[in-house]
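Side chains are part of it too, since the values below use all heavy atoms of this structure and drop only hydrogens, waters and symmetry mates. By convention in this document, chain letters (A, B, ...) are assigned in the order of the sequence lines, proteins followed by strands, and residues within each chain are numbered from 1.
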There are 2 protein chains.
Amino acid sequence: MKIQELAERTGLSVHTIRYYEKEGLLDERHVRRDTNNYRHYFDEAIERLKLVKRFQSVGCSLTELKQILQGLDTNTTTTQQGIDWVLSKMKEIERKKEEYDQVLATLNKMLDYKIARQDDPGNKHR
Amino acid sequence: MKIQELAERTGLSVHTIRYYEKEGLLDERHVRRDTNNYRHYFDEAIERLKLVKRFQSVGCSLTELKQILQGLDTNTTTTQQGIDWVLSKMKEIERKKEEYDQVLATLNKMLDYKIARQDDPGNKHR
DNA sequence: GCTTGCATTAGAGTCAACTCTATAGTTTAC
DNA sequence: GTAAACTATAGAGTTGACTCTAATGCAAGC
């Protein structure tokens, strides 16, 4: 498939896809060139980009992603390094979820306050 | 207290605190000027900055935070708008937590795979 | 009174992650 | 066969959130 189709299938823009390639997040398993120099994408590219999107949306930088994905792809990362990365990432995510819970608690308090004020017909400034 | 102390107490840099003020996240309830033009901070500033930090760490932009906080402060936001914001933010956070769970599942799969490979003495490329 | 350290400002610089522009070649539909 | 739509590149511009610099002034300890 060509870049436009991949863009539609992944929800990324063609610009972003080219940018990701430049940043080293795609390799010859995902994309090659046709004779006209157009990029030809394999289905693997869809999976890869969706993976990138998911991890990126939980706070992985492209640089970090690139390192870990290249490590997995080329086996330059040892298995132990891979395990360590996964474990530390999992801890990070658990921490993050706790932060979200804290914010949710704060929002809940705000909501109670707001609703109380709404029901109070004499609600005033301060 | 002066800016340095506030920085220590909030874990932000003095640069960042001044930047936040410039961006409208602090007002006269949090900071005023001494005769020598030094900023003098009240305890409210600590709470405010911690709130900003927490919300910001779960993906609120400073612009969004500024709007909602100013709305709360000056009562230009109606109660209903406040409730709506809180509710939509809560939904957003729930969605985000689901994303985190998905990533955790992916990481778990990766971990299983890695551990299997580690135990396999004949582990090879691909 | 002098040094060291903290305070002020305006504005420049940085970084990540896009996002867009200009220019030019290719493909497709009619 | 030509216009519209898609592809390519290099490189410039944008945005958000800092982060730092330079020049200068105030303060506290000795």
Worksheet item: Does the side chain of A/I93 come within less than 4.5 Å of B/D101's, by heavy atoms?
Response: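 SC-SC contact between B/D101 and A/I93 ruled out.
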
Worksheet item: Just wondering, do A/R48 and A/F42 contact through their side chains at under 4.5 Å, heavy atoms?
Response: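 A/F42 vs A/R48: side chains apart.
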
Item to complete: Residues of residues 6-27 of chain A with any non-hydrogen atom less than 4.0 angstrom from an atom of DNA chain C: list those, numerically ordered, please.
Response: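 A/H15, A/T16, A/Y19, A/Y20 - these, ordered by number, are the residues of the stretch whose heavy atoms sit under 4.0 Å from the strand.
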
Worksheet item: Of all nucleotides in DNA chain D with an atom under 4.0 Å from a non-hydrogen atom of chain B, which is the first and which the last going 5' to 3'?
Response: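 Range of nucleotides within reach of chain B: D/dA17 to D/dA27.
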
Discussion item. In this structure, how many angstroms lie between the C1' atom of C/dT23 and the CG atom of A/N37, rounded?
Written reply: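 Whole-Å distance recorded here is 15 Å.
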
Fill in: Short side-chain to backbone donor-acceptor contact, A/T10 and A/L6, under 3.5 Å
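A pair under 3.5 Å: yes.
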
Worksheet entry | Check: B/E28 main-chain N/O paired with B/R32 side-chain donor or acceptor under 3.5 Å |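 Looks like yes, one N/O pair under 3.5 Å.
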
Worksheet item: With sequence neighbours left out, what residues match A/Y100 under ring pair (Phe, Tyr, Trp, His ring centres under 6.0 Å)?
Response: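 Here the qualifying residues are B/Y100.
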
Discussion item. If you take any heavy atom closer than 4.0 Å to DNA chain D, which residues from residues 53-62 of chain B end up in contact?
Written reply: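 Output list: B/Q56, B/S61, B/L62.
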
Worksheet item: Got a sec, which residues hit salt bridge (Lys or Arg N to Asp or Glu O under 4.0 Å) with A/D112, two or more places apart in sequence or on another chain?
Response: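 A/D112 satisfies salt bridge (Lys or Arg N to Asp or Glu O under 4.0 Å) with no other residue.
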
Worksheet item: Going through the checks in order, is the side chain to side chain donor-acceptor pair (under 3.5 Å) test met by B/Q102 and B/E98?
Response: CA-CA 6 Å; B/Q102 277 181 25; B/E98 278 162 29; over 6 Å; no

Please list, pair by pair, any protein nitrogen or oxygen found under 3.5 Å from a nitrogen or oxygen in nucleotides 26-29 of chain C.
{"from": "C/dT26", "atom 1": "O4'", "to": "A/Y38", "atom 2": "OH", "distance (Å)": "3.1"}
{"from": "C/dT27", "atom 1": "OP1", "to": "A/N36", "atom 2": "ND2", "distance (Å)": "2.7"}

Discussion item. Rounded at 0.5 Å granularity, tell me how far OG1 in A/T106 sits from NZ in B/K89.
Written reply: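 Interatomic distance, A/T106 OG1 to B/K89 NZ, rounded to 0.5 Å: 13.0 Å.
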
Worksheet item: Roughly how far, to the nearest 0.5 Å, is CD1 of A/I83 from OG of A/S88?
Response: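 That separation rounds to 12.0 Å.
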
Practice prompt. Could you tell me which non-hydrogen atom of B/A45 sits nearest to which non-hydrogen atom of B/H30, and how far apart they are?
Written response: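 That would be CB-O, 3.7 Å.
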
Fill in: Closest non-hydrogen atom pair between A/M1 and A/H40, with its separation
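Closest approach of A/M1 to A/H40, heavy atoms only: N-CE1, 3.4 Å.
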
Worksheet item: Going by atom types alone, do A/W85 and A/Q67 pair a side-chain donor with an acceptor below 3.5 Å?
Response: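 Absent: no donor and acceptor within the cut-off.
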
